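Structure first, commentary second.
This is a predicted model, so every value here is computed, not measured. All ligand and atom numbering here is 1-based and tracks the order in the structure.
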Amino acid sequence: MNTRFFCHVAFILWRAGLLDAGITQTPRYLVTWKGDNVTFRCDPIKGHTWVYWYQQLLDKEITFLISFQSSTPMNDLGMHKLRFSAKCSQNSPCELSIQISEPGDSGIYFCASSETTVL
Ligand SMILES: *[C@@H]1O[C@H](CO)[C@@H](O)[C@H](O)[C@H]1NC(C)=O
């Protein structure tokens, strides 16, 4: 599942899931003002303990941001720590937040989940 994120304009558009893999990501589309903070949410598949976030900037390759196992960050080497943060807590969606969004953050943000480690 993925969330398309465009930074610059002043409205937020939601769209319900198209691909249903059991993961729910909200919002589906998000358009925001430059400088605003944004948060993406992801409900992993029930029973899955690993959660992964990926980013695909416009015209770029997909890159890995961070993984969690049972709410604990496992690998955050891909995170841009100055403005990006993520958290997963039990019984609530995982969140990926961007502070002071920039046009260069525009792209697609993917969330995935698995029972065990996936590269
Ligand atoms: C974004 O988050 C930062 C840090 O939490 C906060 O200081 C700032 O006021 C927020 N900006 C907006 C536009 O909400």
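- Ring geometry, His80 versus Phe84: the interplanar angle exceeds 60°, so the pair is classed perpendicular (tilted spans 30 to 60°).
- Counting only residues at least two apart or on different chains, the disulfide (SG to SG under 2.5 Å) pairs with a member in residues 33-85 are Cys42-Cys111.
- Pairing each heavy atom of Glu115 with each of Thr49, the nearest pair is O-OG1, 3.2 Å.
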Using a 3.5 Å cut-off on N/O to N/O, what pairs does ligand 1 make with the protein? A line per pair would be great.
residue	atom	partner	partner atom	Å
ligand 1	2 (O)	Asn37	ND2	2.3
ligand 1	11 (N)	Asn37	ND2	2.9
ligand 1	14 (O)	Asn37	ND2	3.4

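- Here the closest heavy-atom approach between residue Ile100 and residue Asn37 is recorded as N-OD1, 2.9 Å.
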Mind listing the side-chain donor-acceptor pairs of residues 59-70 below 3.5 Å, one per line with the distance, residues two or more places apart or on another chain?
residue	atom	partner	partner atom	Å
Thr63	OG1	Gln55	O	3.3
Ser67	OG	Asn75	N	3.3

Please tabulate, for side-chain N and O atoms in residues 86-99, each donor-acceptor pair with protein atoms closer than 3.5 Å (sequence neighbours left out).
residue	atom	partner	partner atom	Å
Ser89	OG	Ser92	OG	3.4
Glu95	OE2	Arg41	NE	3.1
Ser97	OG	Thr39	OG1	3.0

